[in-house]
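Taking it in order: structure first as C-alpha cells, then the write-up.
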Amino acid sequence: MRYSQTFVPTLKETPAEAEVVSHRLLLRAGYIRKLTAGVYTYLPFGLAAIRKVERIVREEMNRAGALELLMPMVQPADLWRETGRYEKYGPELLRFQDRHDRESCLGPTHEEVITDLVRGEVRSYRQLPLNLYQIQSKFRDEIRPRFGLMRGREFIMKDAYSFDVDDEQAGVSYQKMYEAYQRIFTRCGLQFRAVEADSGSIGGSFSHEFMVLAKTGEDTLAVCKACSYAANVEKAEVKARPVVNQDAMLDLGRIETPGKRKVAAVCEFLGIGPEKLVKTMIYKVSGGDGQPVAVLVRGDREVQEVKLKNLLQATDVELLEDKEVFDLTGVPTGYLGPVGLKIKVVADHEVATMRNCVVGGGEKNYHLQNVNMGRDFAVTAVADLRQIAADDPCPLCGGELGQIEGIEVGHIFKLGTVYSAAMRAVFQDHDGQEKPLIMGCYGIGISRIVAAAIEQNHDENGMIFPVAIAPYQVIILNLGLKDAMITAAAESLYAQLQAQGIEVLLDDRDERPGSKFKDADLLGIPFRVTIGTRLAKDGMIEIRHRRDGLTVELMPEQAAEYLLSQIAQSYSAMSGHK
RNA sequence: CGGGGCGUAGCGCAGUCUGGUAGCGCACUUGGCUGGGGGCCAAGUGGCCGGAGGUUCAAAUCCUCUCGCCCCGACCA
C-alpha cells in the first residue's frame, strides 16, 4: 500500500477524551474514530489489525474442530424469556420494538440463539460433539463505556459454543478450547496468563480467563511464585489458616471511642493493630433470599463481593449507603458491630480464629473489646469472604503469592445444562434416554485484543505491534521523492517485498523526513526501512526494528532477504504450534 | 443511576466570574525557501459559541429547560 493512497488520519495532538494509552494511540494513529459513546469506526489500519487477529482466531478454532457460522445481531425477546434472561440481564441488554411492536434486543451474547438452533437440529448422540462459533459484533449497553476499544458498547467478539453428551466429553471440549486459546494468544504475540475465574452471570461450574498482562489491566490476578497457580482475585481462594491464637477469652468490655469511625482511627485511639479489629459491613442483596446481610472481616481485609454473592446465591450485592444502614439498624456507620445485631451475619474464616477482638459497639461513639465469636455473637455462616492479600499463601502449594494486573481478553466456561435445560435442548443417548445437551461457551474479545496489545506494547512514540497482528509488517520511508536513485530503490524494494507476500507500506508522501519518522513510530509497524541521501553517499539504506530500536545498514539488494528472515524469526518466536 | 467536570474553527484550548468587534496554537489552502526526527516566511480558508426558550438597547458570557460528551463508583469479552 502506498501511504499517499490510503486513509490514516494521524493526529499530532492527543485527543482530550482519551484516558488510557491504547485509546490515545488508536485515535492518534488514525486507527479508529468515535461515532458516539462506546461506539467506534474502525479505519483501514484499525480494521487491518482486527482482521489479523480474526484470522489467527479462525485458524485455531478450525484446527480445534469448531465450525464457523454467523448468527443474527437482532434477536427476539421471546427467546430470552425462555431462559429468564430477558428480565434478568438488566439494562445492558438494549431492547427495542420493531414496526409490529414485537419486542427485540441487540445480542450481547448468543447462548439463546445457538441453543435454539441446536435444539431444532440435533436429535442424536451420533451428531455430537459439536462446537459452533462466530465472529460477530456484539452490543452491550454498558453503564459507562470507557477506554476506547477496551470497554466499548459495540465490540467484536468471537464466541463459540460446545455441545456434548456428558460431563466427561464436555471436559474434553473445554480442554480443546483451553489449548486453542493458548495457541491463539501466543500467536498474537501477547504475554498472557490463563487464570481460574469466577463464572459470573453467565452461570456454570468451571471457568478460566485469559489475561493479557499490562499495568493498566482492570483485573488483578493472584499468581503463585512457586507453582502454576493463577487466579483472578475475585475467585482466588483464601485457605483458612490454622488458629494460632489460643489466648483465654477475656471479659467483654464497652469503651468510649468518640468520633473514631474508621479502622485506622479506632486502632490508633486504642493502640492496637487492625488485625485485632473486626469490620462489619452491611450489604443489600438482590436475588437469593433478598435479605440484607452483615459481613465480618478483619480490620485490614477487604470483602470480596463476588465471593459474597456466590455464598448467598445472589445475583448482586451492594454495600448499603450510610443512611440506609442507619435506617436498618439504628447505628451510624463506623460503630456497627455483630453483637446484638438483628440481621443475618456471615463471617470470614479469619474472624472465627480471632480472640478478644474489637468491634463496633452498636451505638454512636462506642466500641466493644474482648469480643469473641460464638460467646458474644453468632453467625449464620463462616466462609471465605475476603479478597486474597499479599501475605496469603498459595491455595495450591502454600507458596508465596504475587499480584499482577491483567486485561481479560478471553473467557471459557463450562455451562453444563443451564441453557439446554431451560430451553429443552435434548438429544437421545445410546440408551434411548432423552438428555439435555451439556454445553460450554468460549469468548474472545477481538477488538479488545488490539487495545490490549497496545497497552502491553508501546512507548512514548507510539504503538509497537507484534508482527502477527500489525496492519503492515514493513514501512519503507522514501526520503528523496525528487531523487531518481532513492525513489527507484524504494520502489524496487517495495515491489520485491510485495512479491514475497510481505505486507508493506511505502511512505511516498511529499512530507518532511521528521513527519515520516514520527508517523512510522506512531503506527507501530515492526520494521522500518529508511531510504534517503545516505544511498548516494555510501550506498546504504537503514532498517530499524520498532521494538528495540536496533538499526542495521545494508545495501539495498540485501534488504528484502534481511527483512524476510527477520519477519520469519518474529513469527517463529510466537508460533503457537509446530 | 449517584458524584465531579466539559460543550467556542477539523484537533487542543483561551474568552464566561465582571454582557459591548469571536481569539490563540496545530491542521488545511496558495506561493516561496527547506529537506534524516512533526522546519521557516508570507498570504489566505474555515465558527448558528451543542440546542430551545427567556432577561437585556445588546448574550459565547446572565436565567430556565434540554441534548451530548468526559472523569470517579457498581458491570463485563
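Every value quoted in this text rests on a predicted model; they were computed, and no experiment measured them. Below, chain A is the first sequence line, B the second, and so on; all start at residue 1.
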Phosphate contact (A27(B) OP1 or OP2) by K12(A) side-chain N/O below 4.0 Å: yes

Out of G73(B), C76(B), G38(B), whichever nucleotide has its closest atom nearest the side chain of R448(A): C76(B)

Nucleotide forming a Watson-Crick or wobble pair with A77(B), both distances under 3.5 Å: none

Base-pairing mate for C17(B) - Watson-Crick or G-U, with both contacts under 3.5 Å: none

Proximity to the side chain of R512(A) - top-ranked nucleotide from C70(B), C76(B), U34(B): U34(B)

Donor-acceptor pair (no angle test) under 3.5 Å: E511(A) side chain, G38(B) base: no

First encountered from the 5' end of RNA chain B, between R28(A) and D219(A): R28(A)

C65(B) pairs with, by Watson-Crick or G-U criteria that keep both distances under 3.5 Å: G51(B)

Sugar-phosphate, base or nothing in reach of T14(A), heavy atoms under 4.0 Å: sugar-phosphate

Gap in Å between the two C1' atoms, one belonging to G2(B) and one to G12(B), rounded: 31 Å

Under 4.0 angstrom between R528(A) side-chain N/O and G37(B) OP1 or OP2: no

CA sep, side-chain torsions, deciding dist, call: E68(A), R58(A), salt bridge (charged side-chain N to carboxylate O under 4.0 Å, His left out): CA-CA 8 Å; E68(A) 185 170 6; R58(A) 275 200 179 92; 2.8 Å; yes

Nearest-angstrom distance from the residue atom NZ of K537(A) to P of G35(B): 12 Å

Touch class at under 4.0 angstrom, heavy-atom based, for D141(A) against every strand present: nothing

Under 3.5 Å donor-acceptor, Q456(A) side chain and L213(A) backbone: yes

Stacking of F517(A) on G36(B) base (centres under 5.5 Å, planes under 30°): no

Partner nucleotide, any strand, of A60(B) [Watson-Crick/G-U, under 3.5 Å]: none

Candidates G38(B), A77(B), G36(B) - which lies nearest the side chain of D519(A): G38(B)

Donor on one side chain, acceptor on other, N457(A) and R547(A), under 3.5 Å: yes

d(CD, E111(A); P, C76(B)) in whole Å: 13 Å

Spacing between L94(A) atom CG and C76(B) atom P, to the nearest angstrom: 18 Å

Partner nucleotide of C33(B) by Watson-Crick or wobble geometry (both distances under 3.5 Å): G39(B)

E59(A) and R187(A) ion-paired at < 4.0 Å: yes

Spacing between E553(A) atom CD and G36(B) atom C1', to the nearest angstrom: 11 Å

For A22(B), the Watson-Crick or wobble counterpart (both distances under 3.5 Å): none

Pair N131(A)-Y133(A), side-chain donor/acceptor within less than 3.5 Å: no

Touch class at under 4.0 angstrom, heavy-atom based, for N461(A) against every strand present: nothing

Atom C1', compared across G4(B) and A9(B): separation rounded to whole Å: 29 Å

Nearest-nucleotide pick for M157(A), side chain only, options being G35(B), A77(B), G38(B): A77(B)

Can I get a per-line list of side-chain donor-acceptor pairs under 3.5 Å for residues 35-51 of chain A, giving both atom names and the distance, sequence neighbours left out?
residue : atom : partner : partner atom : Å
Y40(A)  : OH   : H23(A)  : NE2          : 3.2
R51(A)  : NH1  : E54(A)  : OE1          : 2.9
R51(A)  : NH1  : E54(A)  : OE2          : 3.4

Test item: side-chain donor near acceptor, T10(A) and R28(A), under 3.5 Å: no

C75(B) to G20(B) separation - P atoms, rounded to the nearest Å: 49 Å

G36(B) base / R544(A) side chain donor-acceptor hit below 3.5 Å: no

Any donor-acceptor N or O pair under 3.5 Å, side chains E196(A), H208(A): no

Distance in angstrom units between I486(A) CD1 and G35(B) C1', rounded: 10 Å

Atom pair distance, as rounded to whole Å: CG in D459(A) and P in G37(B): 18 Å

Nearest to side-chain heavy atoms of R146(A), which nucleotide of G73(B), G38(B), G36(B): G73(B)

C1' atoms of U16(B) and C71(B), separation to the nearest Å: 22 Å

G73(B) OP1/OP2 closer than 4.0 Å to side-chain N/O of R144(A): yes

Whole-Å C1' distance, G32(B) and G68(B): 45 Å

Atom-pair distance (CG on L320(A); P on C1(B)), nearest Å: 21 Å

D384(A) side chain vs E237(A) backbone, donor-acceptor pair below 3.5 Å: no

Sugar-phosphate only, base, or nothing, as touched by G480(A) at under 4.0 Å among non-hydrogen atoms: nothing

Whole-Å C1' distance, G44(B) and A27(B): 14 Å

Same-atom distance (C1') from C49(B) to C6(B), integer angstrom: 14 Å

Aromatic F147(A) / basic R448(A) pairing, under 6.0 angstrom, 45° off normal: no

Parallel, tilted or perpendicular, as decided by the 30° and 60° cut-offs, for the rings of Y442(A) and Y181(A): perpendicular

Sugar-phosphate, base or nothing in reach of E542(A), heavy atoms under 4.0 Å: base

Among A77(B), G38(B), G36(B), the one nearest P513(A) by side-chain distance: G36(B)

Touch class at under 4.0 angstrom, heavy-atom based, for G443(A) against every strand present: nothing

R140(A) side chain near C75(B) phosphate (N/O to OP1/OP2, under 4.0 Å): no

Rounded distance (Å) that lies between atom C1' of C70(B) and atom CZ of R24(A): 14 Å

5′-ward residue of the pair K482(A)/E17(A) relative to RNA chain B: K482(A)

Between Y3(A) and Y472(A), ring centroids under 6.0 Å: no

Pair partner, U45(B) [Watson-Crick or wobble, under 3.5 Å]: none

RNA chain B-proximal residues of residues 29-43 of chain A, any heavy atom under 4.0 Å: K34(A), T36(A), A37(A)

Separation between the P atoms of U45(B) and G15(B), rounded to whole Å: 26 Å

